[in-house]
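Report on the following structure.
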Amino acid sequence: MPSASCAGSWWAATPTTCSPASVLFVSATPRVRIAPSPTGYFHVGTGRTALFNWLFARQTGGTFILRIEDTDTARNRPEHTEGIKRALLWLGLDWDEGPYFQSERADLYAAAIDKLIASGAVYACDCTAEQIAERAKERGGPPGYDGYCRDRGLEPDVGRILRFCVPKGESGFHDLIRKDVSKDNNDVEDFGVRKSNGDPLFILANVVDDADMAITHVIRGADHVSNTHKYLLLWRALGYGPEPIFAHLPLINNQQGKKLSKRRDKVAVEDYRDDGYMAEALRNYLALLGWSPGDDREILSVEEMIAEFRLENVKSAPAKFDEVKLTSVNSEYLRALPVDELVSRAQAWQLDRWEPIAPLVQERARTFADVYSLTDFLYRTEPVIDQAEWDKAVRKSPGFAGILDAAATRYATIEWDAASIHDATVAAGTEAGVGQLGKAQAPVRLAVTGRSVGPPLWESLELLGRDRTIARIHAALERLQAGRATG
RNA sequence: GGCCCCAUCGUCUAGUGGCCUAGGACACCACCCUCUCAAGGUGGAGGCACGGGUUCGAAUCCCGUUGGGGCUGCCA
């Protein structure tokens, strides 16, 4: 690890451990921020971090700031910012300031870097990644930068990365959630603050912005805890006053306990939206990942969350994202919707003519996508019949053909309403020697809707219409004939 | 490998030394209700990772072990 000294000695008069006084510093009006980078999708973990920041701001009368961390010009895509805003708004999280763009604040970072250069807190380095790795290999130690250029006195020109000269000491800090996090500076390598192309690196821009925006509470994912040591080192070197209070949220993992990754997991907020989940439900589910109101409530209104949320009550252990549980929360929200609102909100799933049975569907759907699959028999010209399901039903129902035949005949002459359809089906079952209504309706349901489960049949058939119902029964009868002929 | 962190049913969690023979929710199983499926109701199975301490008393405090995760980029 670095043992040489740097040119400057900025840290000599600077406390190198987190003083208790700074922890006690509390601004009258908290200022928090969500600082996503424009990656092209909005991670659910970022969504939860945004939610917790927002809850905290709304509860304390503080300010919630949106800042786009797009210092990596090579990857930055303006259109990605729109996705971030859309996802945030969809979740009901409105910001009070911003969006600010780091790409538009280059002067600020340049000034901070000049200050660091002047005080000797940083130095230029021209080592390549290969050289750094080679030296690490030679000395047999851990990978990472070794402070090789500390005393080479290289000019801080463009073309050379600028590294922070990490002083001796400790850079532990107090965290609202994780309590005391310790770290010896010997274990912090001389990290870069400015790329060789002149662009600031994330950690520099992050610190400068938090200071400039007077952020009082840094609430972010636990994957940033090790950045916090560097953050504090930079903060002090830059001479910024009272340090912000930190709260590192436990990570959200996948079912295997690994970090949620775009490659193998469903991580984008917009994916859940597109799959028919309600924003309120996802927000509620996310709120309960790592936090709990302290009692048995699982469904909380946003007002309750704002009133009762406490950073101090957030757990420090990571949680696994469970879509099954999310689905359950979603179904509760979906069922609680006024029917007309359900109808209008499910519209995006290309539903049509289903309003009359909406209340019956609502009780069975868990997502908007479910609403579609439960009513698709109405929109399709022919029901989609699963062959395996069909074979199984035919095998298990001896009176299959008889019931369909009798039902078609009776349906042709009755009044076309749910009650009459019920009576006719009972009669058809009796005629075919099947006394139980549950068994009698099964062949009809499969023939007409293509499924063995679904909303109540009588109302469904009434809505489908007499002609289409009978036509489908006839088609099923033919299918049965064909099956006998070949099978 | 190094550093940091974490650890209650399968999962999310309540629990902050006695109220715990550990509570709730999801999922699962059984039964009831019932035109299928849901919804609802009733019941069931299922957990304090392990080992040492401290204490009259430990899921709760301490240490170790094991397991898991994060970081270790001229990404953020």
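Heavy atoms only: backbone and side chains are in, while hydrogens, waters and symmetry mates are out. It should be emphasised that the depicted structure is a prediction, and the values quoted were computed from it without experimental measurement. Each chain gets a letter, A, B and so on, in the order the sequences are listed, and its residues count up from 1.
Residue contacts shown for A/Glu69 are limited to sugar-phosphate atoms, with no base heavy atom under 4.0 Å away.
Rounded to a whole angstrom, the distance from the P atom of B/rU60 to that of B/rG18 is 12 Å. On the P atoms, B/rA27 is 7 Å away from B/rA39, given to the nearest whole Å. Rounded to the nearest Å, the gap between the C1' atom of B/rC33 and that of B/rA38 is 12 Å.
Phosphate contact (OP1/OP2 of B/rA38, side-chain N/O of A/Arg335, threshold under 4.0 Å): absent. Note on A/Arg366: a side-chain N or O is less than 4.0 Å away from OP1 or OP2 of B/rA27. Regarding contacts with the backbone of B/rU11, a side-chain N or O of A/Lys320 is found under 4.0 angstrom from either OP1 or OP2. Using a 4.0 Å cut-off, some side-chain N or O of A/Lys315 falls inside it from OP1 or OP2 of B/rU13.
Rounding to whole angstrom units, CG of residue A/Asn197 and P of B/rC75 are separated by 8 Å. Note: NZ (A/Lys230) to P (B/rA76) measures 12 Å, nearest angstrom. Rounded to whole Å, atom C1' of B/rA76 lies 11 Å from atom CZ of A/Arg33. The interatomic distance linking A/Asp199 (CG) with B/rA76 (C1') rounds to 14 Å, in whole Å. The nearest whole Å value for the distance from the OH atom in A/Tyr285 to the P atom in B/rU11 is 12 Å. Following rounding to the nearest Å, A/Lys258 (NZ) and B/rC6 (C1') show an atom-to-atom distance of 14 Å. Following rounding to the nearest Å, A/Ile132 (CD1) and B/rU72 (C1') show an atom-to-atom distance of 13 Å. To the nearest angstrom, C1' of B/rC35 lies 7 Å from CG of A/Leu457.
Closest of all the heavy-atom pairs between A/Leu260 and A/His43 is O-NE2, 3.4 Å.
A donor N or O paired with an acceptor N or O is not found under 3.5 Å between the base of B/rA76 and the side-chain atoms of A/Asp223. Counting distance only, with no hydrogens placed and no angle test, the side-chain atoms of A/Arg364 and the base atoms of B/rU36 include a donor-acceptor pair under 3.5 Å. Between the side chain of A/Ser196 and the base of B/rC74 there is at least one donor-acceptor pair of N/O atoms closer than 3.5 Å.
By the stacking rule of 5.5 Å between ring centres and under 30° between planes, A/His224 stacks on the base of B/rA76.
Nearest to the side-chain atoms of A/Glu189 among the listed nucleotides B/rA25, B/rG73, B/rU11 stands B/rG73. Residue A/Ser182 places its side chain closer to B/rC4 than to any other of B/rC4, B/rU13, B/rC12. With B/rA76, B/rC5, B/rU36 as the choices, the nucleotide that has an atom nearest any side-chain atom of A/Val181 turns out to be B/rC5.
Residues from residues 437-450 of chain A lying near RNA chain B, meaning a heavy-atom separation below 4.0 Å, are A/Leu437, A/Gly438, A/Gln441, A/Arg445 in numerical order. Sorted by residue number, the members of residues 321-328 of chain A with any non-hydrogen atom under 4.0 Å from RNA chain B read A/Asp322, A/Val324, A/Lys325, A/Ser328.
A/Tyr411 has its ring centre less than 6.0 Å from the ring centre of A/Trp416.
When each of A/Val208, A/Asn206, A/Val193 is tested with A/Leu234 by the rule side chain to side chain contact (heavy atoms under 4.5 Å, CB included), just one qualifies, namely A/Val193.
Side-chain atoms of A/Arg451 and A/Glu389, non-hydrogen and from C-beta on, never get closer than 4.5 Å to each other.
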